[in-house]
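These numbers come from a predicted model, not from an experiment. What's counted below: heavy atoms across the whole structure, side chains too, no hydrogens, waters or symmetry copies.
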Amino acid sequence: MLILHRELGSSVDHLVKEFEAKWTPEVGDYSKKLVEFCSSMALIKFCQNIKEKISDGSYSRFTYDMMLAWDNPRAVDEESSTEESIGKEKEDRKIQVKEQTDQDDISLFYSDQMPLLVNHEPSVEEDAFMWLSSLVPLAADIVNRRFTFETLTALTGKRLFYPAYDRFLKEIDNCMRHLQKQAKPKGIELADDEFILHVEGTATSQRVVRHIGGSSWPGRLTLTNCALYFEASGVINYEDALKIDLSRKIDHSVKPVATGPWGAPLFDKAIIYESPDLQEGVLLEFPEITSSTRRDHWLALIKEILLMHNFLSDFKVECPIQAWEMHARTILSIIRLHAAREMLRIAPPSPTEFLIFSLYEELPKGDYVLEQLAQSLKRVNSGQPCSASSILRKLNLPEPNVLSLEAKIESKVSETIAVCKDDDNKTSLETAINQARKEGRGVAKARAVMEGLKEEGIGENATILTELLKPLRSVFLWFREILSWERPATTLLVFAAIILIVYKEWIGKALSAGLLLVVANMIRARQERLKDKQKEIVVCTGSDHTPSTRENIVSAHYGFLKVREIIKEANVTILKLHSVLVSRAHKHANTVMLAMIGLAMMFAVIPFKYLIIAVVFHSMITTSPLAKHMVNNQGGDRDRRLKEWWESIPPTPIRVINEAPVSPK
């Protein structure tokens, strides 16, 4: 309470009277709500000067004590705890210089020494961390706070200790300062709402290489919340930057790829960006000696920016204040990831545990969470001192001019937190998050079983098979034109013919006509003596340049891996079906049985030809341009539900033995 009195300039009795004037028994526990009320009042003051508070350690000390008080609001030794807190704060300021010299050893300390503190120092549990994150989105965002807490406390038994919490906040501040010092891409004027998030390829960082055909160009790669910039290294300075706009609503993608000398796929350490505007994809390599950690990190960050802009576009977030708030939350999530990687150097965390959109892109029912997030975004007020955009502004990040608004809302914020008026708004979002986490655990278990399967590979020449199937390509293209309504008259004629054949029960006659057509083509080939003109089928596996022996080996290896993946997917599919048939996956087996009973009743009652006609009509309607416009992505949601249901089926475990079983005599 002494800290509250010092920060707010109000006596303890005055704070209690102000709280009791707004509190009612229906709100909840008196002691805990009093802690929440006083903490929210103090946080408004802290957030207005958060940069200095983080640097001197007072913010981390105060917010950590807030979480301890929230965990145990009825502590009888409150005054002694407060005095100890002030003493710790002064001690933290004295040793700040010493901590800077020990920064390189923090990951070793965190991984080796932190478990020793479990029974000797007070610690914060998950609920308290989540409560603080709902007030100030600095240490974690409200939508991924559980995942962040689990990552930070993975080595300490799901309990957060002050040294780790304080170091995490200081690393966030250091990362912010580092990014603010980065030079802007040459020849580019960044937008008002554009902020540099990651840079590599400079003299003090690791190399980035762009491959164009057979040539390689090292340079500097810069990622912002709107675009990706690559500056090729010149003789003295960098050349003008190549801009890849990530904010446009176009069909662009980024994916991992293997590269190497002369285009040979030797090293799996690159990414490729592709879009309709580019004739050739932008291929960027991140050289490393062992793993592809750098490539995976860049890939996750670029995907996060793409997903953020897709989110703003899909949910039509047009208000500048709401859009910038989402930008700010995404920027903070990326900075938290940078801080966690610096803090946990021995075992870098998974990027999805800190990134918002990448996390819920992977989790089942993640689209439901994003829908609730879009709804909650409409209630955001960026003028609130503890909002994400306000925190970035206080950390010296320039804010867009459109958001330079004054908001006098301190009383509203304290009242909302005191009487919990905002709880109803967060309930639906929290429910969706918990459901996604629950579904994610089931899918993770099923994937763990699939990853543990050991499959034997086979030798197969995929190139010859591809060449042999080329004559059928024209047939597939013709079917694609029919289904995509590129020629509406032909499409209507084909659908009408199918419906007529089925209704008149002319299927046998249609098959006869097809067989006679094949016989006619065989007679024509005999008359034209095609067997003499084409004595053999020539399969060309060459390219523009003569491949070396190593390139041939690598190409064969990658072809072998593709075939092996196909066999693995087939085995996993069979094992999933076996799991359903023997009711190993009980819930999924019930769903399949109900569906089969319904289909059986349908086939028994309705004539089969009418079912075929209904299927043809459904295909004709759903593939038409008008239906695609009216459906508005409902089919994509249905496909996602089906995919999530399939992935959650645990396959039957398999064990490979080398010795044949002994048969009884």
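- Sparse packing is recorded around CH2 of Trp217, with 12 or fewer heavy atoms of other residues, nucleotides or ligands lying under 6.0 Å away.
- Nearest heavy atom pair, residue Ala323 against residue Leu312, reads CA-CD2, 4.3 Å.
- If you look at His327 and His309, their ring centroids are closer than 6.0 Å.
- Under 4.0 Å is where a charged nitrogen must lie from a carboxylate oxygen, and between Glu150 and Arg437 at least one such pair does.
- In this structure, Thr222 OG1 and Glu231 CD are separated by 5.0 Å, a value rounded to the nearest 0.5 Å.
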Legend entry - Ile44 and Gln48: CA distance, side-chain angles, deciding distance, side-chain contact (heavy atoms from CB on, under 4.5 Å) verdict: CA-CA 7 Å; Ile44 294 174; Gln48 292 175 354; 4.0 Å; yes

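- Residues Glu342 and His338 have side chains that never bring a donor and an acceptor to within less than 3.5 angstrom of each other.
- A pairwise comparison of heavy atoms in Asn225 and Asp193 identifies ND2-O, 2.8 Å as the closest pair.
- Phe46 carries Lys53 over the face of its six-membered ring, with the cationic atom under 6.0 Å from the centre and within 45° of the normal.
- Side-chain contact annotation: Glu304 with Ser358, donor-acceptor N/O pair under 3.5 Å present.
- Taking a 6.0 Å sphere around CG of Asp251, one finds it holds 12 or fewer heavy atoms contributed by other residues, nucleotides or ligands.
- For the residue pair Asp56 / Ser58, a side-chain donor-acceptor distance below 3.5 Å is found, with atom types taken as modelled.
- The residues Lys184 and Glu194 are annotated as not salt-bridged, no charged nitrogen and carboxylate oxygen being separated by less than 4.0 angstrom.
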Inset, instruction - List the steps, then state whether side-chain contact (heavy atoms from CB on, under 4.5 Å) holds for Leu373 with Phe315. - result: CA-CA 10 Å; Leu373 177 60; Phe315 292 98; over 6 Å; no

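- The environment of NZ in Lys181 is sparse: at most 12 heavy-atom neighbours from other residues, nucleotides or ligands sit within 6.0 Å.
- Cation-pi check for Arg294 over Phe286 is not met; the charged atom does not lie both under 6.0 angstrom from the ring centroid and within 45 degrees of its normal.
- Atom CG of Leu344 is separated from atom CZ of Phe168 by 9.0 Å, given to the nearest 0.5 angstrom.
- In this structure, the side chain of Glu644 engages the main chain of Lys365 through a donor-acceptor pair within 3.5 Å.
- For Leu429 against Ser376, the heavy-atom pair with the smallest separation is CD2-OG, 4.2 Å.
- Distance alone, capped at 3.5 Å, places no donor-acceptor pair between the Thr153 side chain and the Thr156 backbone.
- The closest side-chain heavy-atom distance from Leu197 to Thr330 is not below 4.5 Å.
- Using modelled atom types and a 3.5 Å distance limit, the side chains of Gln435 and Glu439 yield a donor-acceptor pair.
- At least one side-chain heavy atom of Trp298 sits under 4.5 Å from a side-chain heavy atom of Leu228.
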Legend entry - side-chain contact (heavy atoms from CB on, under 4.5 Å) evaluation trace for Arg341 with Thr293: CA-CA 11 Å; Arg341 286 172 60 85; Thr293 306; 4.0 Å; yes

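- Remark: side-chain polar atoms of Gln206 are not paired, donor with acceptor, to backbone N or O of Glu288 under 3.5 angstrom.
- Here the side chain of Asp141 pairs no donor or acceptor atom with the backbone of Pro137 at under 3.5 angstrom.
- Formation of a donor-acceptor pair under 3.5 Å by the Arg336 side chain with backbone atoms of Leu138 is found in this model.
- When all heavy atoms of Ser55 and Asp173 are compared, the pair lying nearest together is OG-OD2, 3.5 Å.
- Partner of Ile356 under the side chain to side chain contact (heavy atoms under 4.5 Å, CB included) criterion, out of Leu307, Asn144, Val369: Asn144 alone.
- For the residue pair Lys394 and Ile50, the shortest heavy atom distance occurs at CB-CG2, 3.6 Å.
- The main-chain N or O of Ile272 is never found under 3.5 Å from a side-chain atom of Lys255 such that the two would form a donor-acceptor pair.
- Within a 6.0 Å radius of CD in Glu52, other residues, nucleotides and ligands contribute more than 12 heavy atoms.
- Nearest heavy-atom pair across His198 and Leu179 is N-CD2, 4.0 Å.
- Using cut-offs of 30° and 60° on the angle between ring planes, the pair Tyr165 and Tyr64 is tilted.
- Between the CD atom in Gln322 and the CG atom in Leu377 there is a gap of 5.0 Å [rounded to 0.5 Å].
- Put simply, CD on Glu353 and OG on Ser333 are 13.0 Å apart, with the number rounded to the nearest 0.5 Å.
- Asn310 contributes a side-chain N or O that, together with a main-chain N or O of Leu306, makes up a donor-acceptor pair within less than 3.5 Å.
- A cation-pi geometry, defined here as NZ or CZ lying under 6.0 Å from the six-membered ring centre and within 45° of its normal, holds between Arg641 and Tyr368.
- Between Leu190 atom CG and Phe195 atom CZ the span is 11.0 Å, to the nearest 0.5 Å.
- Judged by distance alone, with hydrogens and angles left aside, the side-chain atoms of Ser390 form no donor-acceptor pair with the main-chain N or O of Cys386 at under 3.5 Å.
- Ring pair Phe129/Phe149 is tilted by interplanar angle, where 30° to 60° counts as tilted.
- Looking at Arg145, its side chain does come within 3.5 Å of a backbone N or O of Met130 through a donor-acceptor pair.
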